[in-house]
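Chain naming here is simple, since letters A, B, ... match the order of the sequence lines and numbering starts at 1 in each.
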Amino acid sequence: MARIVGRAWKFGDDVNTDVIIPARYLYTSDSRVLAAHCLELADPEFARRVRPGDVVVAGKNFGCGSSREHAVRAIQACGVAAVVARSFARIFFRNAVNLGLLVLESEEAARLVRSGEVIEIDEEEGLLYLSSGHRLVVRFPAGAAADVQKAGGLVEYVRQRLLKRGGCRRPPCIEGEAGP
Amino acid sequence: MPRAMTAVEKILAAHAGRKQVEPGETVWARVDWCLANDITAPLAIEQMQAMGCERVFDPERIILVPDHFLPAKDVASARQAQVLREFARKQGIRHYYEVGRMGIEHALLPELGILQPGQLLVGADSHTCTCGALGVFATGVGSTDLACAMALGELWFRVPATVKVEFTGRLAPWVGAKDLALFLVSRLGTDGANQLALEFGGEVVADLPLDGRLTLCNMVVEAGATAGLVPAGGWRSSPGAQLEAWLRWDVSQLEPQVARPYSPADVVAVHEVAGTPVDQVVIGSCTNGRYLDLVAAAEILGGRKVHPRVRLIVIPATQRVYRRALEEGLIQVFVEAGAAVSTPTCGPCLGGHMGVLAEGEVCLATTNRNFRGRMGHPDSRVYLANPAVAAATAVAGHIAHPEEVVGSGPHRGPGVEVRR
Ligand code: SF4
């Protein structure tokens, strides 16, 4: 558990996945391409000026729309340390947890955080500190999502589960064995 | 006493190997089907390998459909499709559907006849919810989730609470499932159903043909829902099952609905936007590219011409729809009207190819999303409507109620001879 200190980038409600990364870039999962176009429809300056460790702060339903993981990857590729939103769309939330992007829910952050201010998140306390002196409670993923997060993402979680039971259930591939 | 469960809770409990589940809890559940496309599968395959898994849990349970950028629009998308193809071959995956035989995944799946009520389908595509119309718990996930499902045959789910949605009354002419969907999304808002399952009922839903029920379930994700469900088989909500809400609308007075840019929840009756000039009309997609959608469009386009200033693009959602439309003369109607007809693909729906919009252009489409930049340039504008409104708009050159074009006589317009 760590402290995150970074500048806040503010966005509104219903930031959808087409805004986070337009579909025309989905021909690739190259992180440089994704980073260069991240959130360009909401703030054309974002991709150029965001710095590693910065935090995205948004309103309700962040990440609504498609299931594309490229949306999470694009945000990660920019070095964003966390996304704090009033609420997240279901699939985006799963993707973020699975890929190890910290997603936190806060009723108040979108209203109180000022764009560009430096904010601090204490993961241990579950608190968000504003430069105005406000202290906000943030909600972390719970249940199975928390287990996945603790493992460092779903890839690692499944890898460990597979290791425990001695690898894939089925034997390794034999090329051309039963193709379509 | 075990608590009475909703249909969705029963399906999840059965797959989690539990007597009962409760809304809000997370459970690991067995999946019956895994679905992915040319955008999401390559990532899922990569992640599955990173998990240390070489073989899918069951090749008979994986369905791969290269539908988004196919036929390949450029070298990069050709490569993504190649990854899919090679994976299918190597893993012995039978449910792989090649260009010329494929369709948009959510329209193709119901045609295959392999989904059974009470089953659980996860798809790395948000509109996987479409197949809820078959009584399946069908939900969209990301590529890493899908990798997990392909590796383990299991995935975690947060059990959604159920909202019952009933439509009663009788639909007016030229009003259909798309209008119910748009109306519902506008009432719930873009996140009104987040972490909820919508269970459909009422006489209007019972009377909808399967094509229409698929359209209705297709758009539940636009309200943020985990799943939409038209209960089928033995998988029904028990009396006394706890619901999050029970919504009932008499839709007899409903007009054709239109969603304005840039939100599928910004919905008005067609007369409020009638007269808005358009540059392009698209009829197709997993929402409205099925047979009956094309029939509705052909009823209006038969014997008429697309407005000189408008480009009409018609894309049957699957090869089977394409063939039937060809056999029954619908394709001829479209071509003679001056439309461009394409092989099945998602194409313009996501701004991929086959009709991307330039700056400032206006399109009316039968698709499901009209976010900024969804169909091309960020300053293009997309309106969403049903296939009849789309066809009427193509003829009129501006957004139009079908009656503006065919008059208010009998439902079936002139000009189409549908051979049986
Ligand atoms: S038709 Fe559009 S919404 Fe449907 S699967 Fe294809 S891109 Fe997605």
Side-chain angles (χ1 to χ4, degrees), chain A residues 13-14 16-19 22-24 26-29 40-42 60-61 64-73 87-92 94-96 98-99 142-148 153-159 161-163 167-180, chain B residues 25-28 39-40 42-43 46-47 50-57 59 68-69 73-74 76-77 80 88-94 96 123-126 128 140-145 147-148 151-152 156-158 190-191 194-195 224 226 263 350-352 356 369 371-374 376 378:
Chain A
D13 291 337
D14 296 316
N16 65 68
T17 53
D18 278 279
V19 163
R24 63 181 169 279
L26 301 186
Y27 59 85
T28 180
S29 44
E40 71 182 8
L41 290 182
K60 71 172 177 72
N61 205 25
C64 61
S66 82
S67 70
R68 65 190 69 157
E69 279 191 5
H70 307 70
V72 171
R73 287 166 187 255
S87 64
F88 291 92
R90 183 186 60 88
I91 303 177
F92 181 89
R94 292 185 73 104
N95 290 345
N98 289 344
L99 294 175
D147 300 337
V148 170
L154 190 59
V155 167
E156 194 49 32
Y157 183 91
V158 175
R159 213 177 61 82
R161 256 182 77 169
L162 283 171
L163 278 178
C168 276
R169 208 170 285 159
R170 306 178 66 244
C173 316
I174 305 156
E175 182 93 36
E177 177 195 23
Chain B
E25 70 170 320
T26 52
V27 295
W28 280 86
I39 291 180
T40 56
L43 273 179
E46 222 178 82
Q47 295 291 67
M51 287 165 179
C53 183
E54 281 194 54
R55 300 220 71 177
V56 298
F57 81 105
H68 277 61
F69 293 151
K73 76 183 183 81
D74 53 26
S77 29
Q80 297 210 51
R89 200 164 297 148
K90 224 164 139 180
Q91 299 276 338
I93 291 167
R94 197 156 50 88
Y96 167 79
D125 191 281
S126 60
T128 302
V141 296
S143 292
T144 305
D145 271 326
C148 171
L152 300 177
W156 71 270
F157 298 90
R158 178 166 155 182
T190 51
D191 67 342
N194 201 13
Q195 303 290 0
T226 303
S263 170
L350 79 163
V356 176
R369 285 189 182 136
F371 300 146
R372 185 179 275 277
R374 169 79 176 177

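- In terms of the salt bridge (charged side-chain N to carboxylate O under 4.0 Å, His left out) criterion, Glu46(B) has no residue partners (sequence neighbours excluded).
- With a 4.5 Å cut-off on non-hydrogen atoms, Ala50(B) touches chain A through its backbone and its side chain both.
- Between chain A and the residues Asp74(B), Val141(B), Asp191(B), the largest count of heavy-atom pairs under 4.5 Å involves Asp191(B).
- In this structure, chain B has heavy atoms under 4.5 Å from both the backbone and the side chain of Ala145(A).
- Side chains of Leu99(A) and Thr144(B) form a contact here, defined as non-hydrogen atoms less than 4.5 Å apart.
- Minimum heavy-atom separation, Leu350(B) to Phe69(B): CD1-CE2, 4.1 Å.
- Counting all heavy atoms, side chain and backbone alike, Ala71(A) lies closest to Phe92(A) at CB-CE1, 4.1 Å.
- Looking at Gln80(B), only its side chain comes within 4.5 Å of chain A, counting heavy atoms on both sides.
- For a residue to count as touching a neighbouring chain, one of its non-hydrogen atoms must lie under 4.5 Å from one of that chain's; by this rule Thr17(A) does not touch chain B.
- Of the two parts of Phe88(A), only the backbone, made up of N, CA, C and O, holds a non-hydrogen atom closer than 4.5 Å to a non-hydrogen atom of chain B.
- You'll find the side chain of Arg94(A) reaches within 4.5 Å of the side chain of Trp156(B), heavy atoms only.
- Using a 4.5 Å cut-off between heavy atoms, Arg374(B) touches chain A through backbone and side chain atoms alike.
- Only the side chain of Val148(A) comes within less than 4.5 Å of a heavy atom in chain B; its backbone stays farther off.
- For the set Gln47(B), Glu25(B), Arg158(B), Arg372(B), the entry with the most heavy-atom pairs within less than 4.5 Å of chain A is Gln47(B).
- For Ala89(A), the part lying near chain B is the backbone, with the side chain staying farther off; criterion is any non-hydrogen pair under 4.5 Å.
- Residue Arg68(A) touches chain B through its side chain alone, counting heavy-atom pairs closer than 4.5 Å.
- In this structure the side chain of His68(B) never reaches within 4.5 angstrom of the side chain of Ser77(B), judged on heavy atoms.
- Both the sub-6.0 Å distance and the 45° axial angle are satisfied by Arg161(A) relative to the ring of Trp28(B).
- Residue Asn194(B) touches chain A through its side chain alone, counting heavy-atom pairs closer than 4.5 Å.
- Contacts of Thr40(B) with chain A are made by side-chain atoms alone, with heavy-atom separations under 4.5 Å and no backbone atom involved.
- In this structure the side chain of Phe371(B) never reaches within 4.5 angstrom of the side chain of Val19(A), judged on heavy atoms.
- For chain B, the nearby part of Ile91(A) is the side chain; its heavy atoms alone come within less than 4.5 Å.
- Pairing each heavy atom of Gly142(B) with each of Glu69(A), the nearest pair is C-OE2, 3.4 Å.
- Of the N and O atoms on the side chains of Ser126(B) and Arg369(B), at least one donor lies less than 3.5 Å from an acceptor on the other residue.
- In terms of non-hydrogen atom pairs under 4.5 Å with chain A, the most contact-rich of Thr226(B), Ile39(B), Asp125(B) is Thr226(B).
- If you tally non-hydrogen atom pairs under 4.5 Å between each of Asp145(B), Thr26(B), Val356(B) and chain A, the highest count goes to Asp145(B).
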